[in-house]
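Here's the structure, in structure tokens; my notes come after.
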Number of protein chains: 2
Amino acid sequence: MAKSDSLHHFQGIDVSQAGSASSIVFETLKQAIITGELKDGTPLKQEELAKKFSTSRIPIRESINRLEQEGLVKTIRYKGAVVASISLKEVEEMFDLRALMEREVMLKAVPNLTDDQIDEAEKYCHEFASAQTSGDWTDTNRKLHHALFQASDMTFHLSVLNTIYDRTERYLRAQLSFSNGADRAVEEHHTLIELCRARDAAGAAELMFQHVKHAKRSLLEFLPQDSE
Amino acid sequence: MAKSDSLHHFQGIDVSQAGSASSIVFETLKQAIITGELKDGTPLKQEELAKKFSTSRIPIRESINRLEQEGLVKTIRYKGAVVASISLKEVEEMFDLRALMEREVMLKAVPNLTDDQIDEAEKYCHEFASAQTSGDWTDTNRKLHHALFQASDMTFHLSVLNTIYDRTERYLRAQLSFSNGADRAVEEHHTLIELCRARDAAGAAELMFQHVKHAKRSLLEFLPQDSE
DNA sequence: TTATTGTAGATTGGATCCAATATTGATAGG
DNA sequence: CCTATCAATATTGGATCCAATCTACAATAA
């Protein structure tokens, strides 16, 4: 009963009102993992979740399958599923890839950016600067990046970037709960907006690259723990 | 009965001997889609597949879910699943990303390559040159690239690359059935091996980049059809 | 005491049944 | 002849039941 109380968040969530049960469970669990509500290693027991969501185990199983395919959980046959942890090496890789990809995306996006889009990005830029909780921080950060990326029309790149964001967000949140290492990011974001307004694609792309590399470095300083 | 005969390949495949039913069905379907045995738009009917695999619909549904998460099928609620097609724009994007990533991977791999690994790659290089069917071609091509990539120890990058290979292979096969545009590739592969032996990481990386860009170009020449 | 074995409980994997929805074809009206 | 509506069928989504496997703990023997 009190054995595993880490899923108390889902109290009262019911499925019988919108889309398919599977997709609701999937989105809810995914969000809980991304935000860190469900910590690394938390076992996801089908029966338990079925009760929380007031459904049978079928939609739960489908959700867990999909989550595993996205790399967010890891299951062992007849043993069960747990929230997947991520190694330091993988974090590094993901940030390196982010840097590489976001540079390319910016290169294509900047020439297509409308003034409205830049205004929107700047709005998020300010929200970002005044964000208080780590949740607000990551949310506005994602919105800001996304607003700039939209103009690139590189849907596949963006989908890959999204999975990287999904899989690293909880670690970013953890970092930001401790340090307030967002100062440099705020500065870089403002400069980024300026470069976009000037339609300096190469400059914006290069700054984005460095921006992500900086984020990687400050995150790694805060993850000296295990490596799995 | 003769209505949809595009799944006749699975005759006799039975599930009751190895891993979980789900994973067997998943791998089999995935391979069939990758190779092009199941063409774009082919509907995947659960009952029909359940009979072919001698199981219930449950493992079929799980497989389809996982395939959808990998982008290989597309399902509509209460309507069914079909083999996902891919737009020209996505093909372009995937090859651009491949070029970008494989350059980075080579940059890290070359200094770590052992002589044995290079020998292995060269073996595939020769197999590739003498491959007859489009299946042999893509197989050895993948093996060759993979052999070189292993030394990079960039597991996440490789997983992304694998999904790109998975989602584009059938189009490459189709191309190679028509043209024999592999001549240039053979040449580039040999040069690539030379550069690896010389431990010229920058050179190998740059050649790999161009190699993928060339592949992209010759593929696009053969896909002037629809765009969806 | 310690290692081993066996049994009971818990948990996941798969099969079958029912519910919800879409598709198709027939029929009636214009 | 064409169109619209409605019933019949096909197909997917979800619930419940059974099977297979793992885990924990106790009993027994060295």
Side-chain angles (χ1 to χ4, degrees), chain A residues 1-7 10 13-30 33 38 41-69 72-84, chain B residues 1-7 10 13-30 33 38 41-69 72-84:
Chain A
M1 180 127 325
K3 181 174 58 175
S4 119
D5 205 10
S6 41
L7 295 100
F10 304 132
I13 292 180
D14 201 285
V15 98
S16 49
Q17 41 194 4
S20 78
S22 282
S23 45
I24 293 179
V25 173
F26 173 69
E27 293 299 338
T28 309
L29 285 179
K30 179 173 173 179
I33 294 175
L38 290 176
T42 306
L44 300 178
K45 299 191 184 164
Q46 298 178 1
E47 197 105 29
E48 188 179 357
L49 290 170
K51 277 183 196 134
K52 301 271 186 191
F53 283 98
S54 316
T55 90
S56 81
R57 278 170 46 218
I58 296 287
I60 309 293
R61 281 157 66 172
E62 293 193 353
S63 300
I64 291 179
N65 271 329
R66 290 162 70 180
L67 289 168
E68 167 147 48
Q69 215 63 20
L72 291 172
V73 313
K74 190 162 165 22
T75 79
I76 304 178
R77 195 161 127 99
Y78 291 118
K79 176 103 188 300
V82 298
V83 177
Chain B
M1 180 123 327
K3 181 173 59 176
S4 118
D5 204 9
S6 40
L7 296 101
F10 303 132
I13 292 181
D14 201 49
V15 97
S16 49
Q17 41 193 3
S20 77
S22 283
S23 46
I24 294 179
V25 174
F26 173 70
E27 293 298 339
T28 309
L29 285 178
K30 180 173 172 179
I33 295 174
L38 290 176
T42 306
L44 301 178
K45 298 189 185 166
Q46 298 177 2
E47 197 105 28
E48 189 179 357
L49 290 169
K51 276 183 196 134
K52 301 271 184 191
F53 284 98
S54 316
T55 91
S56 81
R57 278 171 46 220
I58 296 286
I60 309 293
R61 281 156 66 172
E62 292 193 354
S63 300
I64 291 178
N65 271 328
R66 291 162 70 180
L67 290 168
E68 167 147 47
Q69 215 63 22
L72 291 172
V73 313
K74 190 163 164 20
T75 79
I76 304 178
R77 195 161 128 97
Y78 291 118
K79 177 106 189 298
V82 298
V83 177

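The shown structure was predicted, so the numbers you read here are calculated from the model rather than taken from an experiment. Below, chain A is the first sequence line, B the second, and so on; all start at residue 1.
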message: Please determine whether any donor N or O and acceptor N or O are separated by less than 3.5 Å between the side chain of A/Arg61 and the base of D/dG14.
response: no
message: I need the single residue from A/Val82, A/Leu44, A/Val73 that forms a side-chain contact (heavy atoms from CB on, under 4.5 Å) with A/Leu38. Which is it?
response: A/Leu44
task: Considering just the side-chain nitrogens and oxygens of A/Ser22, establish if one lies under 4.0 Å of OP1 or OP2 belonging to D/dG14.
output: yes
message: What is the distance, to the nearest angstrom, from the CZ atom on B/Phe26 to the P atom on C/dG14?
response: 14 Å
field: Residue A/Tyr78, side-chain heavy atoms: nucleotide from C/dA15, D/dC22, D/dG13 that is nearest
entry: D/dC22
- prompt: Where the side chain of B/Lys45 is concerned, which of C/dA22, D/dT11, D/dA15 is the nearest nucleotide?
  reply: D/dT11
- prompt: Taking A/Ser63 for the side chain and A/Ser22 for the main chain, is one N or O donor matched with an acceptor at less than 3.5 Å?
  reply: yes
query: Any donor-acceptor pair under 3.5 Å joining the side chain of A/Arg57 to the base of C/dG13?
result: yes
query: Nearest to the side chain of A/Lys79, which nucleotide is it out of C/dA15, D/dT23, D/dT16?
result: D/dT23
message: Distance check needed: D/dG14 P versus A/Ile64 CD1, whole Å only.
response: 15 Å
- request: Using whole Å, report how far CD of B/Glu47 lies from P of C/dA15.
  value: 13 Å
- line: Smallest heavy-atom separation, A/Ile64 atom then A/Gln46 atom, equals CD1-CG, 4.3 Å
task: Please check the phosphate of D/dG13 (OP1 and OP2 only) for any side-chain N or O of B/Gln46 closer than 4.0 Å.
output: yes
Main-chain N/O of A/Thr75 paired with A/Glu68 side-chain donor or acceptor, under 3.5 Å: yes
- request: Would you indicate which nucleotide in C/dT16, D/dA15, C/dG13 comes nearest to any side-chain atom of A/Ile58?
  value: D/dA15
